[in-house]
Structure formats: C-alpha cells, structure tokens
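Below is one structure; the comments refer to it alone.
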Amino acid sequence: MIRFVLIILFVLLSCFASSQTVLSLEECIRIAQENSIEARQAKNNYLIANHDYTLYRKSLLPAVTLSGNLPAFNHAISTITMPDGSESFVTQSVGKYSGALSINQIIPFTGGQFYVSSGLQRLDIYQDNTTTSYLANVINLGLSQSILSYNPYKWKKKIEPIQYEKAKRIYIEKLEETALLAINHYFELLSYQFSKELLSQNKLNSDTLLSMAKERFNLEKITEDELLEVEINNLNLIIQIEEMENNRLEKQSAIIDFLGLTKGETLHLQVPNELLLDAIEQSKVEFEAKQNGSAELYYQQNLLEAQSELAQSKSDHGFAVNLYASFGLSQSDELFRNAYINPLNQEQITLSFTIPVIDWGVAKQKRKRAEVVFHNTTLSIKQDELDFYRNLNNIVRQFNLHNSYLKLVKKTGELSSIRFEMSKERYIVGKIGFLDYSVAQNERNNAQLNYIKTLKKSWVKYYEIRKLTLYDFIEDKKIDVELRK
C-alpha cells in the first residue's frame, strides 16, 4: 500500500514538474524585446520617424501636377468694353475648357522654386454663329527666388538625416531599456522563488528537528521550553512559505503579462550565470557612447536647430528682395492644329523689394534676443553633455564595484552553507542550542539571497551601460538590430 502511494505521488509530482516552463534570463530578455508592449511601441515610434524622413526626401523630388476645367460654362449678363471705350451689359454664353501639366522643383541650395508647364485652353462663345478658339501654352519655364532671406531647406538638409539616425538609435536603446525591465521582472520573481526554496528546505530540516526534539523531550533530554521553541519555528515557517508563495504568484503574473505569455503558466526561473566580464574601461565606454549613442546626435540636432533659429532671426530684418523670371512659347488660333505652329515668345522678369524705413529697432531687438537664446541653448547642451558622461562614468564604476563584490558575496554564501551544515550536525548531536542553529541558518539564507541581489545589480548596471553606449562589451561589438520597415 505504501509503495502504491509513493508511485502515485511520484506520478503527480512528475506531471506538476512537466507543466512548468523553465525560463532563463537570456530567454526572458529575448521574448521581451520581441513580444512586450514596450518593444512594439518602440518599433512603431521608429516606423513613424522612418515615414517622416521618407516624406522629407520625397518632398525634395519634382512634383508633377495635372490640372484642368472640363468644362467651365458661364451664361450671364456681363460688362464688356465696347470698341469706342464705353462699357455695356451684354448677355454672354461662354464655355471654357483648359488643361495643364506642370512640374515643380524645389531648389534646396537657394530656397527657390523652378517650374516647367505646358497647357491648352479652348474657348467657345455661343451666339448665332458659335465661335471656337484655342490658346496653346507650348512651354513655360519659371523661377521664383528670394534673395537674402532665410532658407529653411538648407537647415532641413542638415537636421533631417541626424533626426532620422537618432530615431534608429533610440529604437535600439528602447530595446535595451526593455531588456532592463525584463531583468528587473526576472530577478523579482527569482528572489521570491529562491526564498521559497530556502524556506522549503528549512521546513524539511525543521520537520526532522521537531521529530528529534519530541523524542528527546520524551527521554527528558531537553526541556519543554526548548521543544516549544522548535515547534514555534516550524509553524512560523509554514506561514512564511504561504506568504512567499503568494508573493511569488503575484510577481509571476506580472512577468507573464509583461512578456505576453499564456496566463496560468507556471514559470521556473534559472539562476543566471555571472557576466563574463571582469571590468569595463571608462575611456572605452565614453568612446562608444560618442560613436553609437543617441545622446551625441541629440546635442548635434539641438545645436543645429538653435543655429537655424538664429539664422532666421538675422534674415528677418524687414529688407527683402524677390526675383521672378519666366519664359514661354504660346500661340492662339481658331484651329487646334494651328495653335502649335510658330509659337510666340513671352518673357517676364520681376524684381521686387521691401525696405523698412523706420521699424523702431524691432528687427535689431529680435536679433539680439535670438543671439542670447542661442548662447543659452549652447550652455544647456554643454551642461546636458557633462551630466550625461558623469552619470555614465558613475554607472561604470558601480558595475565594476558590483562585479568584483560579487565574487566575495559568492564566497560568503559558500562558507555560510558549510557553517550551517556544521551547525546542523552539532545541534543534532546536542553540542549547540537551537538559537545557535537558527543564527547559522539565517546567515546562510541571507548570504544566498544577497548573492541573488548582487547578481541582479551586476546585470542591471551592465545593461544600463549597453543602453547608453549601444555596445556589447562581452562580444566586443556594436549592438544592432534588423529594422524591418
């Protein structure tokens, strides 16, 4: 009968174990970067930036436009000028048809605009004898250019590529930030799982010691007070295990939601390996941050935007010169085929200007204000840069400290486990009391939990460095991902 019960228990335990999902930290990070809401939002933000940059590039390409009126009919009483110069009201019925094909091209270097167009118009006048005529604009070439004015296209050409590259780097940084969230979720659940395992081991030991204490009490080798001490410890362990299991389930639910796993799944986390990296050089970290991180592009973009605003304020002095020039070939005739024969030239050149006579120093004041704003922006950028690299160096120092400290914590855990086993044996043979045994047990538990906490700090600081530098110092290579558009 006992053998049968043992077999049933073994089968049930095997089924329970098989329903668990074993998850490593590396797998947790991979799933988070592929499936978490944070990672998908980061991907969408990159796609938005990609669309914005594509729109900017396409806006610099020639714009081809087809326009027309088919038809435009008008029957009304209109005022017309008679041959003698007088005006008269005449009832008119007019039909107009027109179509034009135009190509417009922005000139980024100058901020002007160039166009080429060709069109055809037909005019029908409905009277007793309907007349039809055609006007063919065979070709028109035109240029519109502002002189000595602010050119936004010049600055966009500098800023837009930086902004796009910054968006790509921010996307990768967001993936590293998602990895940091995954690490925190992972170690929170691991701490509760590990604590519960330690408490379960303590409970097994406590059950054994309680049985021994009862036998010793029956043999009058220990007092009732000593027996009660063991029993109270045993009951407290039951309460602690239940509380720890409740906390573990709460953290397990949080990480399942974060990773997008199946609800109700039971996770068993593995203790991560130590990072295969003794220390990181600060000079190397600063170099990679300058080369790969978004911070440097952020400073560059802010500086260019400040320079652009300053240039705009300097050009906004009230004095303006605008040039418009066009050349075309056109012809009109009552017959369509003749409208394209021997076209006539038509040229136009207009140079307009605006000169402020008295503006009471408004333009000058705007320029001075813009200069102060520009200098203030450069100071802010400099301060942000100093803060960034100071923070980065602090993180590197913390990582190196925790990484070296980790070896001492691990050794402390090993020694505390040995001391606990020795204390356990000495308590069993009656050489020490239960209080000394409990102290050794608590030291063992705290040392092993401290190892998990220190290991977490090491992983967290390493990924903080990865996020700020976009560099994998273990593989010694730049971090990159495939950016599917």
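The model shown is predicted, which means the values in this text are computed figures rather than measured ones.
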Does [X] reach the side chain of [Y], with side-chain heavy atoms less than 4.5 Å apart?
X	Y	answer
Leu210	Leu227	yes
Gln252	Glu265	no
Tyr451	Leu408	no

Sequence neighbours excluded, which residues qualify as side chain to side chain contact (heavy atoms under 4.5 Å, CB included) partners of [X]?
X	result
Asn104	Ser102, Gln113, Tyr115
Lys174	Ala42, Ile170, Glu177
Asn322	Ser146, Ser352
Leu277	Ile280, Phe399, Tyr462, Phe473, Ile474

Pairwise distance NZ(Lys478) to CG(Asn292) - rounded to 0.5 angstrom: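 Answer for the NZ-CG pair, Lys478 versus Asn292, is 5.0 Å.
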Return the CD to CG distance between Gln270 and Leu190, rounded to the nearest 0.5 Å.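 It comes to 10.0 Å.
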Taking the six-membered ring of Trp155, is NZ or CZ of Lys158 closer than 6.0 Å to its centre and within 45° of its axis?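 So Lys158 does make the cation-pi contact.
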Which residues satisfy the ring-ring contact (aromatic ring centres under 6.0 Å, His included) test with Tyr463, sequence neighbours excluded?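 Counting only residues at least two positions away or on another chain, Tyr463 forms no ring-ring contact (aromatic ring centres under 6.0 Å, His included).
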Which residues satisfy the ring-ring contact (aromatic ring centres under 6.0 Å, His included) test with Phe434, sequence neighbours excluded?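 Residues passing ring-ring contact (aromatic ring centres under 6.0 Å, His included) with Phe434: Tyr427, Tyr437.
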Where is the tightest heavy-atom contact between Ser315 and Ser149, given as atom of each residue plus distance?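 Looking at all heavy atoms of both residues, the closest pair is CB-C, 4.0 Å.
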Atom pairs and distances, side-chain donor-acceptor, residues 229-244, under 3.5 Å, sequence neighbours left out:
unit_1, atom_1, unit_2, atom_2, d
Asn234, ND2, Ser206, OG, 2.8
Asn234, ND2, Asp207, OD1, 2.8
Asn236, ND2, Ile232, O, 3.3

Does a sphere of radius 6.0 Å around CD in Glu385 hold more than 12 heavy atoms from other residues, nucleotides or ligands, not counting ones at 6.0 Å or beyond?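 Counting neighbours around CD of Glu385, more than 12 heavy atoms of other residues, nucleotides or ligands fall under 6.0 Å, so yes.
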Give me each pair satisfying salt bridge (Lys or Arg N to Asp or Glu O under 4.0 Å) with a member in residues 20-31, each pair once, sequence neighbours excluded.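 Applying salt bridge (Lys or Arg N to Asp or Glu O under 4.0 Å) to every pair that reaches into residues 20-31, excluding sequence neighbours, yields Arg30-Glu34.
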Quick one: which residue pairs count as a salt bridge (Lys or Arg N to Asp or Glu O under 4.0 Å) with a foot in residues 188-197, not counting sequence neighbours?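 Matches after skipping sequence neighbours: Glu188-Lys251, Lys196-Glu245.
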Within the distance-only criterion (no hydrogens, no angle test), does the side chain of Asn450 pair as donor or acceptor with the backbone N or O of Val409 below 3.5 angstrom?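 No.
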Looking only at atom types and distance, does a side-chain atom of Gln145 sit under 3.5 Å from a main-chain N or O of Thr110, one as donor and one as acceptor?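 Yes.
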Thinking salt bridges, do [X] and [Y] make one under a 4.0 Å N-O criterion?
X	Y	result
Glu165	Lys168	yes
Glu286	Lys290	no
Arg57	Glu160	no

Intermediate values then yes/no, side chain to side chain contact (heavy atoms under 4.5 Å, CB included), Phe109 and Lys154: CA-CA 6 Å; Phe109 300 103; Lys154 169 188 173 182; over 6 Å; no
Under 3.5 Å, which donor-acceptor pairs do the side chains of residues 253-264 form with other protein atoms, sequence neighbours left out?
unit_1, atom_1, unit_2, atom_2, d
Asp257, OD1, Lys263, NZ, 2.4

Using the ring-ring contact (aromatic ring centres under 6.0 Å, His included) rule, collect all pairs that involve residues 373-393, keeping only residues at least two apart or in two chains.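 Checked against ring-ring contact (aromatic ring centres under 6.0 Å, His included) - neighbours excluded - no pair reaches residues 373-393.
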Provide the full list of ring-ring contact (aromatic ring centres under 6.0 Å, His included) pairs with a residue in residues 196-218, sequence neighbours left out, each pair given once.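 For residues 196-218, and leaving out neighbouring residues, there are no ring-ring contact (aromatic ring centres under 6.0 Å, His included) pairs at all.
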